[in-house]
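Read through the structure below, which is laid out as structure tokens, and then see the notes.
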Amino acid sequence: MNKIIKSALESIKDIKDGDTLMLGGFGLCGIPENLIFALREKGIKNLTCISNNAGVNDFGIGLLLQQKQVKKMISSYVGENDLFERMVLSGELEIELVPQGTLAERIRAGGAGIGGFYTPTGVGTIIADGKETKIIDGREYILELPLKADFSLIKGYIGDTSGNLVYRKTARNFNPMMATAGRITIAEVEEIVEIGILNPEEVITPGIYVKRLIKGEHYQKRIEQKTVRKV
Amino acid sequence: MNKIIKSALESIKDIKDGDTLMLGGFGLCGIPENLIFALREKGIKNLTCISNNAGVNDFGIGLLLQQKQVKKMISSYVGENDLFERMVLSGELEIELVPQGTLAERIRAGGAGIGGFYTPTGVGTIIADGKETKIIDGREYILELPLKADFSLIKGYIGDTSGNLVYRKTARNFNPMMATAGRITIAEVEEIVEIGILNPEEVITPGIYVKRLIKGEHYQKRIEQKTVRKV
Amino acid sequence: MTLLTREQMAQRIARELEDGFYVNLGIGIPTLVANYIPENISIVLQSENGLLGIGPFPIDGQEDADLINAGKQTITTIPEASFFSNADSFAMIRGGHIDLTVLGALEVDQEGNLANWMIPGKMVKGMGGAMDLVAGTKRVIVCMQHKNKAGESKILKKCSLPLTGVKCVNKIVTDMAVLEFTKEGLKLLEKAPGITVEEIKNSTEADLIIEGEIPDMIF
Amino acid sequence: MTLLTREQMAQRIARELEDGFYVNLGIGIPTLVANYIPENISIVLQSENGLLGIGPFPIDGQEDADLINAGKQTITTIPEASFFSNADSFAMIRGGHIDLTVLGALEVDQEGNLANWMIPGKMVKGMGGAMDLVAGTKRVIVCMQHKNKAGESKILKKCSLPLTGVKCVNKIVTDMAVLEFTKEGLKLLEKAPGITVEEIKNSTEADLIIEGEIPDMIF
């Protein structure tokens, strides 16, 4: 099965206004840079974006915020982006904050056919407001529901033509779960290889989850907090 | 952190009568052969064993059944073992059958701090008897609860001294989840290496889950259904 | 009345495969389907114990105890294979990512209910992964003899044995016929060569929708 | 009255580390704890974005955009490191496998409740992984200034801000004192050198258990 698509723009051709997207990455690490540029170029609007963060003002999802393409964000932390802050305060943008572990687990549940799960995270906090709770084995839990998306846009390191993916270091983050929870998952990678090159033991995302694969170009891989030690 | 224990017998020294154990493996593939021999040698009784299968008459968990060390099995399929059948019919052995995917997910939930989850598996069957059900997004689900164990006994391929593990082919099966769901996880591996040898990208079970590590000996790795093609 | 052989049933089911399908084949006749995959399509076989990309059985002497399928048979892998845990494997199955599964059955009824794991009074071996497969897979094909050894229909108005799944079967391929579950009910699609519609009706307890000329199966 | 510096607080917290601990350090002062790990013990630091085994910050020029911690800082790895997804990372955290987490706080109260993520009326940045960490980690140490900029106690009878977790804090290390949550209540364990018990009492709104001579902190 050959899943390679020629360009980022072609790979997102059926994403339309109002769709729900998952976008991989943690901060600016492991984000689908090329697919985000394509979303901006195509100008699709009213998007609901599920992503741990919202990028920075001029990179990552921030590029979509600039152009007012996003209606709602579902994230765990959006503190790096003051454009975001202004848009929320002005009512242009809706935000649903989800604890990071619950966000990751809800995405996993969406991909794994789990109808809901009980988590101890957020018990007794405003996160529990309006949610069912249950005492199990003497401990209180909150019912959390799965997240799915029309499209998942993810970033891998190396992919083979059948869609098998490996990631690099902490750029793995949310990408593997999101790969499973999109009706259509589009992956961009830094390198595409023939099948048989990736070791079957090391594949993190099996090809079954990837419908379309593109080779990303001109990766900027911006660093948010360059921190070094004195030698 | 060096987690190596000299012998299988020493590694299980605090397992006691009546404990709940998880034992990795699918059929006879990827089972902790040495740890099972040690359990038999030590003669611990009244064990509850969580394992996808029950071994065959004279190997794997079958060795513990022979010596009447097992009180209860929690498994998805026990059809390869007729000693098992006789013991259940005579009332010597209790069996709880769990759909394989639900078994795997309950073990994962036990290790992941999930209090319970809703699954579509088994809806409308006797598996749903006595269990809470819920309609979520128009579909019916069953509430399933996590499984944990006093000890998890698992089999890896290569381990490093800090307990990081990789597996080999389909011998991975239930071992990674069980590693996370035991109060104390004991792993046997075919080869122990120094830290830094395993690629951090390829570690399947991070060392945090493994309390004790032994180098297994004399692996038999029996094949249940040798099937070959005509050349 | 010449019933189809196991191989013919497998061959007929293979025609249900589409290019790009990810497929889980059950133990028994379903496993034989792998021998009849059309040359012009590419499919990938999943094994629920933790493998995507089953290859042919190994050559004698090259079998590997660490590489088995869900029936515990020694297997090989194809180049695009990947290994994963049982939890990840059933996340894949339950999550609806497998396009098709083919399973054996003791009984199917006209509601699409399936019974294939337990006969009360007999020793229960366990359901293995069958309940998860029928709950999660996009398309479920049941493959079985049309009648049991006593000559009674296995396609019933209502299953009498404990169920594996409810309203989960999409198609039935037997040694006599191909039947499909539609909104209107269970519909006879094809008959085995040399078998009459009357013979199929007489061998089936369930209500059947039979419209127009019923063609012979093509293999 | 000489309050502890950030470095001294980190140094004191480092004495809570035990050999073999797996530890998650929050952003800010908690991150500094890594600089004071006693030489005779070995601990492993987890980063909730998907790494077990954080090493020192990189040498200038060797930073890697694909290798960051939860504070988005560039880092390195130790030889026994492993990478995993956020789902696997929080399974590790929620499942109770992390021995200790150190977090900053806006408020703690005498019930052990913690507020550290949200000030109503101000823009909400999000809780990140804090709610998961306090719900799942075996031991939670809060590290903060004893009083806020207005000179008011941050250790209260009852938190006024939205909570991060309920009854989740085990110990508080401030620039004035070390306090522990016991069955009986919040107990003063140690005081900063040069600070009196009276000064701590006057700086603390919560009820404190003060028994016998309160020793100075050792670093």
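No experiment lies behind these values; they were computed from the predicted model shown. Just so you know, these numbers use all the heavy atoms, side chains as well, and skip hydrogens, waters and symmetry mates. The chains referred to below are lettered A, B, ... by the order of the sequence lines, with proteins before strands, and numbering in each begins at 1.
- In this structure a side-chain-to-backbone donor-acceptor pair under 3.5 Å is present from B:Arg229 to C:Phe57.
- When heavy atoms are compared at a cutoff of 4.5 Å, C:Val134 does not approach chain B at all.
- The choice from B:Thr227, B:Thr121, B:Val123 that makes the most heavy-atom pairs within less than 4.5 Å of chain C is B:Thr227.
- Between C:Met131 and B:Pro99, the shortest heavy-atom contact is SD-CG, 3.8 Å.
- Listed by first and then second residue, the salt bridge (Lys or Arg N to Asp or Glu O under 4.0 Å) pairs involving residues 163-177 of chain C are C:Glu16-C:Lys171 (not counting sequence neighbours).
- Listed options C:Gly165, C:Pro56, C:Pro162 were ranked by heavy-atom pairs under 4.5 angstrom with chain B; first place goes to C:Pro56.
- Within the structure, salt bridge (Lys or Arg N to Asp or Glu O under 4.0 Å) contacts touching residues 21-50 of chain C (residues at least two apart or in different chains) do not occur.
- Between the side chain of C:Arg94 and the backbone N or O of B:Gly101, at least one donor-acceptor pair lies under 3.5 Å.
- Contact between C:Thr74 and B:Ile223 at its shortest, heavy atoms only, is CG2-CG2, 3.7 Å.
- Nearest heavy atom pair, residue C:Met127 against residue B:Ile127, reads CE-CD1, 3.5 Å.
- When each of C:Leu51, C:Ile68, C:Ile75, C:Thr76 is scored by its heavy-atom pairs under 4.5 Å with chain B, the top score falls to C:Ile68.
- Taking 4.5 Å as the heavy-atom cut-off, the residues of residues 168-179 of chain B that approach chain C are B:Arg168, B:Lys169, B:Thr170, B:Ala171, B:Arg172, B:Asn173, B:Phe174, B:Pro176, B:Met177, ordered by number.
- For chain B, the nearby part of C:Thr164 is the backbone; its heavy atoms alone come within less than 4.5 Å.
- Looking at C:Asn69, only its backbone comes within 4.5 Å of chain B, counting heavy atoms on both sides.
- Interatomic distance, CD of B:Glu190 versus CG of C:Asp66, reported as 6.0 Å (0.5 Å rounding).
- Contacts of B:Arg139 with chain C are made by side-chain atoms alone, with heavy-atom separations under 4.5 Å and no backbone atom involved.
- Of all residues in residues 74-98 of chain B, those placing a non-hydrogen atom less than 4.5 angstrom from a non-hydrogen atom of chain C are B:Ser76, B:Tyr77, B:Val78, B:Gly79, B:Glu80, B:Phe84, B:Glu85, B:Val88, B:Leu97, B:Val98.
- The most heavy-atom pairs under 4.5 Å with chain B, out of C:Pro58, C:Ser47, C:Gly129, come from C:Pro58.
- Ranking C:Ser85, C:Gly136, C:Gly71 against chain B, the residue ahead of the rest is C:Ser85, based on heavy-atom pairs under 4.5 Å.
- There is no contact between C:Ala81 and chain B, counting heavy-atom distances below 4.5 Å.
- To the nearest 0.5 angstrom, C:Ile93 atom CD1 is 8.0 Å from B:Gln100 atom CD.
- In terms of heavy atoms, B:Lys221 sits closest to C:Ala65 at O-CB, 3.3 Å.
- Interface summary for chain B: among C:Gly128, C:Ala87, C:Gly50, C:Gly126, the most heavy-atom pairs under 4.5 angstrom belong to C:Gly128.
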